[in-house]
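Single-structure report; data block below.
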Amino acid sequence: MSTTNTPEPDRLARLNELLARVVATNTFQQPRIPQLPLRSLDELAQIPFASKEMLVADQEAHPPIGTNLSYPVDEFTQLHQTSGSRGPVLRVMNTSEDWAWWRRCMATVLRAAGIGPGDRVALAYSFGPYILFWASYEGVEEVGAAGLALGGMDSQQRLHALRAYEITTVMCTPTYAVHLAQVAAQHGRLDAFETVDQIICSGEPGASIPAVRARIETAWNARCLDHAGLSEVGPAGYPCAEGGGVHILEEEFIAEIIDPASGAPAEDGQVGELVLTALGRVGSPAIRYRTGDVVDRHDGPCPAGHRGRWLPRGVLARSDDMVVIRGMNVFPSAIEQTMRETADIGEFRITCYTETTEMDEVKVEVELDRAADVRAIQTNLRQQLGLRVRIVPLKPGILPSSTDKARRVVDLRSLER
Ligand SMILES: [Zn+2]
(Lines give C-alpha, C1' and ligand atoms only; values in the text may rest on other atoms or scores of the structure.)
Protein backbone atom coordinates (compact mmCIF):
# COMPACT_ATOMS: atom_id res chain seq x y z
CA MET A 1 0.00 0.00 0.00
CA SER A 2 2.88 2.39 0.60
CA THR A 3 6.61 2.66 1.15
CA THR A 4 7.69 1.54 4.57
CA ASN A 5 10.55 -0.25 6.25
CA THR A 6 8.23 -1.92 8.71
CA PRO A 7 7.46 -5.39 7.33
CA GLU A 8 3.93 -5.55 5.97
CA PRO A 9 3.01 -8.76 7.88
CA ASP A 10 3.74 -6.95 11.18
CA ARG A 11 1.48 -4.05 10.25
CA LEU A 12 -1.23 -6.40 9.03
CA ALA A 13 -1.11 -8.35 12.28
CA ARG A 14 -1.41 -5.15 14.30
CA LEU A 15 -4.26 -3.91 12.11
CA ASN A 16 -6.18 -7.17 12.55
CA GLU A 17 -5.57 -7.05 16.30
CA LEU A 18 -6.91 -3.48 16.43
CA LEU A 19 -9.98 -4.27 14.33
CA ALA A 20 -10.80 -7.39 16.36
CA ARG A 21 -10.59 -5.42 19.59
CA VAL A 22 -12.69 -2.55 18.23
CA VAL A 23 -15.42 -4.65 16.58
CA ALA A 24 -16.12 -6.40 19.89
CA THR A 25 -17.44 -3.30 21.69
CA ASN A 26 -17.33 -0.11 19.57
CA THR A 27 -20.83 0.53 18.22
CA PHE A 28 -19.66 3.36 15.92
CA GLN A 29 -17.10 1.14 14.19
CA GLN A 30 -19.00 -2.20 14.26
CA PRO A 31 -21.07 -1.67 11.10
CA ARG A 32 -17.99 -0.45 9.20
CA ILE A 33 -15.73 -3.44 9.79
CA PRO A 34 -15.89 -6.43 7.39
CA GLN A 35 -15.20 -10.12 7.96
CA LEU A 36 -11.93 -10.52 9.88
CA PRO A 37 -9.07 -11.15 9.62
CA LEU A 38 -8.05 -9.01 6.65
CA ARG A 39 -5.66 -10.99 4.45
CA SER A 40 -3.67 -8.01 3.19
CA LEU A 41 -3.32 -4.28 3.89
CA ASP A 42 -5.10 -3.67 0.58
CA GLU A 43 -8.25 -5.17 2.09
CA LEU A 44 -8.37 -2.18 4.42
CA ALA A 45 -10.09 -0.49 1.45
CA GLN A 46 -13.21 -2.59 2.24
CA ILE A 47 -13.81 -0.28 5.20
CA PRO A 48 -15.61 2.96 4.29
CA PHE A 49 -13.93 6.30 5.03
CA ALA A 50 -14.62 8.08 8.30
CA SER A 51 -14.54 11.85 8.67
CA LYS A 52 -14.71 14.64 11.21
CA GLU A 53 -18.25 15.44 10.03
CA MET A 54 -19.31 11.88 10.94
CA LEU A 55 -17.73 12.10 14.41
CA VAL A 56 -19.28 15.53 15.06
CA ALA A 57 -22.73 14.27 13.97
CA ASP A 58 -22.29 11.21 16.20
CA GLN A 59 -21.44 13.44 19.18
CA GLU A 60 -24.50 15.59 18.47
CA ALA A 61 -26.72 12.50 18.33
CA HIS A 62 -25.12 10.92 21.42
CA PRO A 63 -23.84 13.80 23.57
CA PRO A 64 -21.41 14.59 24.89
CA ILE A 65 -18.79 12.21 23.46
CA GLY A 66 -20.57 10.04 20.90
CA THR A 67 -20.25 6.29 20.36
CA ASN A 68 -16.73 5.85 18.92
CA LEU A 69 -15.65 4.21 22.18
CA SER A 70 -14.13 0.77 22.62
CA TYR A 71 -14.23 0.95 26.44
CA PRO A 72 -16.69 2.22 29.06
CA VAL A 73 -16.49 6.03 29.42
CA ASP A 74 -14.94 5.83 32.88
CA GLU A 75 -11.81 4.18 31.48
CA PHE A 76 -10.88 7.34 29.56
CA THR A 77 -8.49 9.59 31.46
CA GLN A 78 -7.60 12.32 28.96
CA LEU A 79 -10.17 14.83 27.68
CA HIS A 80 -9.29 17.23 24.88
CA GLN A 81 -11.05 19.06 22.08
CA THR A 82 -10.24 20.47 18.67
CA SER A 83 -9.63 24.19 18.39
CA GLY A 84 -12.94 25.05 16.73
CA SER A 85 -11.18 27.42 14.33
CA ARG A 86 -12.63 25.35 11.48
CA GLY A 87 -16.22 24.56 12.29
CA PRO A 88 -17.67 22.64 15.20
CA VAL A 89 -15.56 21.52 18.13
CA LEU A 90 -14.87 17.78 18.30
CA ARG A 91 -14.40 16.31 21.76
CA VAL A 92 -11.53 13.82 21.92
CA MET A 93 -10.88 11.19 24.59
CA ASN A 94 -7.97 8.87 25.27
CA THR A 95 -7.43 6.02 27.72
CA SER A 96 -4.20 5.88 29.71
CA GLU A 97 -2.96 3.20 27.33
CA ASP A 98 -3.70 5.36 24.27
CA TRP A 99 -2.16 8.40 25.92
CA ALA A 100 1.05 6.38 26.49
CA TRP A 101 0.96 5.61 22.73
CA TRP A 102 0.64 9.34 21.94
CA ARG A 103 3.62 9.95 24.18
CA ARG A 104 5.73 7.32 22.37
CA CYS A 105 4.73 8.67 18.92
CA MET A 106 5.58 12.25 19.96
CA ALA A 107 8.94 10.98 21.22
CA THR A 108 9.63 9.56 17.75
CA VAL A 109 8.79 12.95 16.22
CA LEU A 110 11.16 14.72 18.62
CA ARG A 111 13.98 12.18 18.20
CA ALA A 112 13.79 12.70 14.43
CA ALA A 113 14.50 16.37 15.19
CA GLY A 114 17.54 15.31 17.23
CA ILE A 115 16.03 16.22 20.60
CA GLY A 116 17.18 14.29 23.66
CA PRO A 117 18.79 14.62 27.08
CA GLY A 118 20.37 18.04 27.57
CA ASP A 119 17.84 19.83 25.41
CA ARG A 120 15.55 22.45 26.92
CA VAL A 121 12.34 22.72 24.97
CA ALA A 122 10.00 25.72 25.30
CA LEU A 123 6.42 25.16 24.14
CA ALA A 124 5.05 28.53 23.01
CA TYR A 125 1.40 27.49 23.07
CA SER A 126 -1.63 28.71 25.01
CA PHE A 127 -2.07 25.32 26.78
CA GLY A 128 -5.82 25.24 26.33
CA PRO A 129 -7.63 21.92 25.73
CA TYR A 130 -5.99 21.28 22.32
CA ILE A 131 -4.22 17.92 22.49
CA LEU A 132 -1.00 18.83 20.66
CA PHE A 133 0.19 21.13 23.49
CA TRP A 134 -0.05 18.35 26.06
CA ALA A 135 1.19 15.52 23.85
CA SER A 136 4.23 17.60 22.90
CA TYR A 137 4.95 18.34 26.55
CA GLU A 138 4.76 14.60 27.35
CA GLY A 139 6.94 13.71 24.36
CA VAL A 140 9.65 16.08 25.57
CA GLU A 141 9.87 14.22 28.86
CA GLU A 142 9.78 10.84 27.09
CA VAL A 143 13.00 11.67 25.18
CA GLY A 144 14.72 12.87 28.35
CA ALA A 145 14.73 16.59 27.53
CA ALA A 146 13.40 19.34 29.82
CA GLY A 147 10.10 21.00 28.89
CA LEU A 148 8.96 24.54 29.67
CA ALA A 149 5.29 25.43 29.04
CA LEU A 150 4.88 29.06 27.96
CA GLY A 151 1.07 29.21 28.32
CA GLY A 152 -0.45 32.34 29.87
CA MET A 153 2.52 34.53 28.83
CA ASP A 154 2.76 37.38 26.37
CA SER A 155 5.53 37.51 23.78
CA GLN A 156 7.80 39.72 25.89
CA GLN A 157 7.57 37.33 28.83
CA ARG A 158 8.28 34.42 26.49
CA LEU A 159 11.41 36.11 25.14
CA HIS A 160 12.57 36.64 28.69
CA ALA A 161 11.97 32.95 29.49
CA LEU A 162 13.90 31.74 26.40
CA ARG A 163 16.93 33.72 27.57
CA ALA A 164 16.63 32.88 31.28
CA TYR A 165 16.34 29.11 30.72
CA GLU A 166 18.84 28.99 27.83
CA ILE A 167 16.24 27.23 25.70
CA THR A 168 17.60 25.06 22.83
CA THR A 169 14.34 24.23 21.01
CA VAL A 170 11.07 26.10 20.57
CA MET A 171 7.81 24.42 19.52
CA CYS A 172 5.11 26.72 18.08
CA THR A 173 3.10 27.46 14.94
CA PRO A 174 5.09 28.91 12.02
CA THR A 175 2.96 32.05 12.21
CA TYR A 176 3.94 32.52 15.82
CA ALA A 177 7.64 31.91 15.04
CA VAL A 178 7.48 34.79 12.54
CA HIS A 179 5.54 36.97 15.00
CA LEU A 180 7.90 36.35 17.94
CA ALA A 181 10.91 37.19 15.76
CA GLN A 182 9.24 40.51 14.84
CA VAL A 183 8.57 41.30 18.50
CA ALA A 184 12.18 40.45 19.39
CA ALA A 185 13.54 42.68 16.63
CA GLN A 186 11.22 45.59 17.56
CA HIS A 187 12.27 45.47 21.20
CA GLY A 188 15.97 44.77 20.68
CA ARG A 189 15.61 41.33 22.26
CA LEU A 190 17.18 39.10 19.57
CA ASP A 191 19.59 37.90 22.28
CA ALA A 192 16.69 35.72 23.48
CA PHE A 193 17.33 33.41 20.50
CA GLU A 194 21.06 32.96 21.16
CA THR A 195 20.83 29.42 22.59
CA VAL A 196 17.99 28.25 20.30
CA ASP A 197 19.17 25.65 17.73
CA GLN A 198 15.81 24.78 16.24
CA ILE A 199 12.15 25.64 15.92
CA ILE A 200 9.73 22.73 15.50
CA CYS A 201 6.51 23.89 13.90
CA SER A 202 3.10 22.37 13.29
CA GLY A 203 -0.54 23.32 12.93
CA GLU A 204 -0.14 25.12 9.58
CA PRO A 205 1.74 24.52 6.30
CA GLY A 206 4.38 27.22 7.02
CA ALA A 207 7.44 25.21 8.05
CA SER A 208 7.35 23.21 4.79
CA ILE A 209 6.95 26.32 2.61
CA PRO A 210 10.57 27.08 1.64
CA ALA A 211 10.23 30.88 1.80
CA VAL A 212 8.51 30.78 5.20
CA ARG A 213 11.05 28.31 6.54
CA ALA A 214 13.90 30.49 5.24
CA ARG A 215 12.39 33.55 6.88
CA ILE A 216 12.09 31.78 10.24
CA GLU A 217 15.61 30.32 9.98
CA THR A 218 17.12 33.72 9.17
CA ALA A 219 15.25 35.59 11.87
CA TRP A 220 16.05 33.03 14.57
CA ASN A 221 19.43 31.90 13.22
CA ALA A 222 18.18 28.35 13.88
CA ARG A 223 16.95 25.33 11.94
CA CYS A 224 13.19 25.10 11.30
CA LEU A 225 11.45 21.71 11.09
CA ASP A 226 7.88 20.61 10.49
CA HIS A 227 5.65 17.92 11.94
CA ALA A 228 2.00 17.01 11.55
CA GLY A 229 -0.86 15.37 13.39
CA LEU A 230 -4.54 15.50 14.28
CA SER A 231 -6.32 15.39 17.64
CA GLU A 232 -8.66 12.62 16.53
CA VAL A 233 -5.88 10.50 14.92
CA GLY A 234 -2.44 11.05 16.47
CA PRO A 235 0.95 12.60 15.72
CA ALA A 236 1.41 10.89 12.36
CA GLY A 237 4.15 13.00 10.74
CA TYR A 238 7.75 13.46 11.83
CA PRO A 239 10.19 15.98 10.31
CA CYS A 240 12.62 15.25 7.49
CA ALA A 241 15.65 17.23 8.56
CA GLU A 242 17.45 16.72 5.24
CA GLY A 243 14.74 17.03 2.59
CA GLY A 244 12.20 19.23 4.37
CA GLY A 245 8.55 18.28 4.68
CA VAL A 246 7.48 15.35 6.85
CA HIS A 247 7.50 11.56 6.88
CA ILE A 248 4.58 9.38 7.92
CA LEU A 249 5.33 7.37 11.05
CA GLU A 250 4.39 4.15 9.29
CA GLU A 251 5.16 1.87 12.22
CA GLU A 252 2.07 3.39 13.86
CA PHE A 253 -0.08 4.69 11.00
CA ILE A 254 -1.29 3.31 7.68
CA ALA A 255 -1.41 6.19 5.19
CA GLU A 256 -3.42 6.42 1.99
CA ILE A 257 -3.54 9.43 -0.33
CA ILE A 258 -6.80 9.73 -2.26
CA ASP A 259 -8.47 11.87 -4.86
CA PRO A 260 -10.90 13.73 -2.57
CA ALA A 261 -13.68 13.71 -5.18
CA SER A 262 -13.62 10.03 -6.22
CA GLY A 263 -12.01 8.40 -3.17
CA ALA A 264 -9.69 6.45 -5.49
CA PRO A 265 -5.93 6.42 -4.76
CA ALA A 266 -4.14 9.53 -6.09
CA GLU A 267 -1.43 8.93 -8.71
CA ASP A 268 2.28 9.35 -7.95
CA GLY A 269 3.08 13.05 -8.43
CA GLN A 270 -0.48 14.25 -7.78
CA VAL A 271 -1.82 16.00 -4.72
CA GLY A 272 -4.52 14.29 -2.73
CA GLU A 273 -6.13 14.00 0.69
CA LEU A 274 -4.32 12.09 3.41
CA VAL A 275 -6.32 9.20 4.93
CA LEU A 276 -4.94 7.65 8.12
CA THR A 277 -5.50 4.54 10.20
CA ALA A 278 -3.88 4.70 13.63
CA LEU A 279 -2.62 1.24 14.64
CA GLY A 280 -2.04 1.99 18.33
CA ARG A 281 -5.13 3.97 19.25
CA VAL A 282 -7.82 1.60 20.54
CA GLY A 283 -10.15 3.51 22.88
CA SER A 284 -11.43 6.06 20.35
CA PRO A 285 -9.98 4.70 17.13
CA ALA A 286 -9.22 6.40 13.80
CA ILE A 287 -9.80 3.88 11.01
CA ARG A 288 -9.55 5.07 7.37
CA TYR A 289 -10.02 8.59 8.64
CA ARG A 290 -10.13 11.42 6.07
CA THR A 291 -7.84 14.02 7.61
CA GLY A 292 -8.75 16.91 5.29
CA ASP A 293 -4.99 17.47 4.88
CA VAL A 294 -3.87 17.99 1.29
CA VAL A 295 -0.45 16.40 0.60
CA ASP A 296 1.77 15.35 -2.30
CA ARG A 297 1.75 11.73 -3.35
CA HIS A 298 5.43 11.05 -3.89
CA ASP A 299 6.26 7.34 -4.02
CA GLY A 300 10.06 7.69 -4.00
CA PRO A 301 12.32 8.08 -0.96
CA CYS A 302 13.44 11.42 0.50
CA PRO A 303 16.99 12.62 -0.33
CA ALA A 304 18.35 10.99 2.82
CA GLY A 305 16.48 7.70 2.29
CA HIS A 306 14.62 7.90 5.63
CA ARG A 307 11.96 5.35 6.38
CA GLY A 308 8.29 6.19 6.08
CA ARG A 309 6.35 7.74 3.22
CA TRP A 310 7.71 11.20 2.42
CA LEU A 311 5.41 14.21 2.07
CA PRO A 312 7.91 16.60 0.42
CA ARG A 313 5.90 19.75 1.13
CA GLY A 314 4.32 18.52 4.38
CA VAL A 315 0.66 19.43 4.64
CA LEU A 316 0.04 21.80 1.72
CA ALA A 317 -3.33 23.00 2.88
CA ARG A 318 -6.51 21.93 4.57
CA SER A 319 -8.89 20.70 1.90
CA ASP A 320 -11.38 23.38 3.00
CA ASP A 321 -8.70 26.07 2.46
CA MET A 322 -7.94 25.00 -1.10
CA VAL A 323 -9.83 27.25 -3.49
CA VAL A 324 -10.68 26.68 -7.12
CA ILE A 325 -10.18 29.86 -9.15
CA ARG A 326 -11.14 29.82 -12.80
CA GLY A 327 -10.74 26.03 -12.83
CA MET A 328 -7.34 26.02 -11.10
CA ASN A 329 -6.58 24.57 -7.66
CA VAL A 330 -5.00 27.37 -5.66
CA PHE A 331 -3.23 26.78 -2.36
CA PRO A 332 -2.84 29.73 0.02
CA SER A 333 0.60 28.28 0.85
CA ALA A 334 1.72 28.70 -2.78
CA ILE A 335 0.60 32.34 -2.81
CA GLU A 336 2.44 32.90 0.46
CA GLN A 337 5.60 31.23 -0.86
CA THR A 338 5.69 33.45 -3.96
CA MET A 339 4.99 36.66 -2.02
CA ARG A 340 7.67 35.94 0.60
CA GLU A 341 10.23 35.15 -2.13
CA THR A 342 9.47 38.49 -3.77
CA ALA A 343 9.23 40.96 -0.92
CA ASP A 344 9.42 41.42 2.83
CA ILE A 345 5.76 40.99 3.74
CA GLY A 346 3.87 40.97 7.02
CA GLU A 347 0.40 39.50 7.55
CA PHE A 348 -1.85 38.94 4.56
CA ARG A 349 -5.44 37.97 3.72
CA ILE A 350 -6.65 36.27 0.55
CA THR A 351 -10.22 37.02 -0.58
CA CYS A 352 -11.96 35.24 -3.45
CA TYR A 353 -14.96 37.02 -4.94
CA THR A 354 -17.01 37.21 -8.11
CA GLU A 355 -16.78 40.24 -10.37
CA THR A 356 -19.86 41.75 -12.00
CA THR A 357 -18.57 40.05 -15.16
CA GLU A 358 -19.14 36.69 -13.38
CA MET A 359 -15.39 36.04 -13.32
CA ASP A 360 -13.77 34.62 -10.20
CA GLU A 361 -11.24 37.10 -8.83
CA VAL A 362 -8.63 36.97 -6.08
CA LYS A 363 -7.66 39.91 -3.94
CA VAL A 364 -4.67 39.73 -1.61
CA GLU A 365 -4.38 42.37 1.08
CA VAL A 366 -0.81 42.33 2.28
CA GLU A 367 1.23 44.34 4.74
CA LEU A 368 4.19 45.84 2.92
CA ASP A 369 6.91 48.24 3.97
CA ARG A 370 7.36 49.35 0.39
CA ALA A 371 4.23 49.80 -1.75
CA ALA A 372 6.58 49.62 -4.75
CA ASP A 373 6.73 45.82 -4.25
CA VAL A 374 3.11 45.43 -5.43
CA ARG A 375 4.01 45.20 -9.09
CA ALA A 376 6.78 42.63 -8.53
CA ILE A 377 4.44 40.43 -6.46
CA GLN A 378 1.72 40.60 -9.11
CA THR A 379 4.20 39.70 -11.85
CA ASN A 380 5.63 36.74 -9.95
CA LEU A 381 2.21 35.37 -9.01
CA ARG A 382 1.22 35.49 -12.67
CA GLN A 383 4.46 33.90 -13.87
CA GLN A 384 4.83 31.23 -11.18
CA LEU A 385 1.20 30.32 -10.46
CA GLY A 386 -0.52 31.56 -13.61
CA LEU A 387 -2.75 33.57 -11.32
CA ARG A 388 -4.00 37.09 -11.95
CA VAL A 389 -4.35 38.69 -8.53
CA ARG A 390 -5.23 42.16 -7.29
CA ILE A 391 -2.75 43.20 -4.60
CA VAL A 392 -3.89 45.72 -2.00
CA PRO A 393 -0.90 47.05 -0.03
CA LEU A 394 -1.50 47.79 3.65
CA LYS A 395 0.65 49.46 6.29
CA PRO A 396 2.30 46.93 8.65
CA GLY A 397 0.18 46.17 11.72
CA ILE A 398 -3.24 46.68 10.07
CA LEU A 399 -4.30 43.03 9.81
CA PRO A 400 -4.84 41.07 13.02
CA SER A 401 -1.60 39.31 13.89
CA SER A 402 -2.11 35.59 14.23
CA THR A 403 -0.51 33.88 17.19
CA ASP A 404 -2.39 30.60 16.87
CA LYS A 405 -3.50 28.76 13.73
CA ALA A 406 -3.83 31.39 11.04
CA ARG A 407 -6.94 31.57 8.88
CA ARG A 408 -6.06 33.73 5.93
CA VAL A 409 -8.57 32.81 3.24
CA VAL A 410 -11.99 34.42 2.83
CA ASP A 411 -14.24 33.03 0.07
CA LEU A 412 -17.11 35.43 -0.64
CA ARG A 413 -18.28 33.56 -3.72
CA SER A 414 -20.53 31.15 -1.84
CA LEU A 415 -22.28 34.13 -0.19
CA GLU A 416 -22.75 35.97 -3.45
CA ARG A 417 -24.23 33.09 -5.38
ZN1 LIG B 1 13.71 12.24 5.03
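Just so you know, ligand 1 is whichever comes first in the structure, and atom 1 is the first atom listed for that ligand. For this chain, numbers begin at 1 and follow the sequence in order.
- Gln29 and Arg32 are linked by a side-chain donor-acceptor pair at a separation below 3.5 angstrom, with hydrogens and angles left out of the test.
- Arg288 pairs with exactly one of Glu273, Glu43, Glu256 by the salt bridge (charged side-chain N to carboxylate O under 4.0 Å, His left out) rule, that one being Glu256.
- Taking the six-membered ring where the residue is Trp, Trp102 and Trp99 present tilted rings, their angle falling between 30° and 60°.
- For His227 and Tyr238, the ring centers sit 6.0 Å or farther from each other.
- For the Zn ion (ligand 1), the count of nearby protein N/O/S atoms, taking only those under 2.8 Å, is 4.
- Contact check on Glu17 versus Arg21 returns no salt bridge, with no Lys/Arg side-chain nitrogen under 4.0 Å from an Asp/Glu carboxylate oxygen.
- Salt bridge absent: Asp344 and Arg370 never bring a charged side-chain N and a carboxylate O closer than 4.0 Å.
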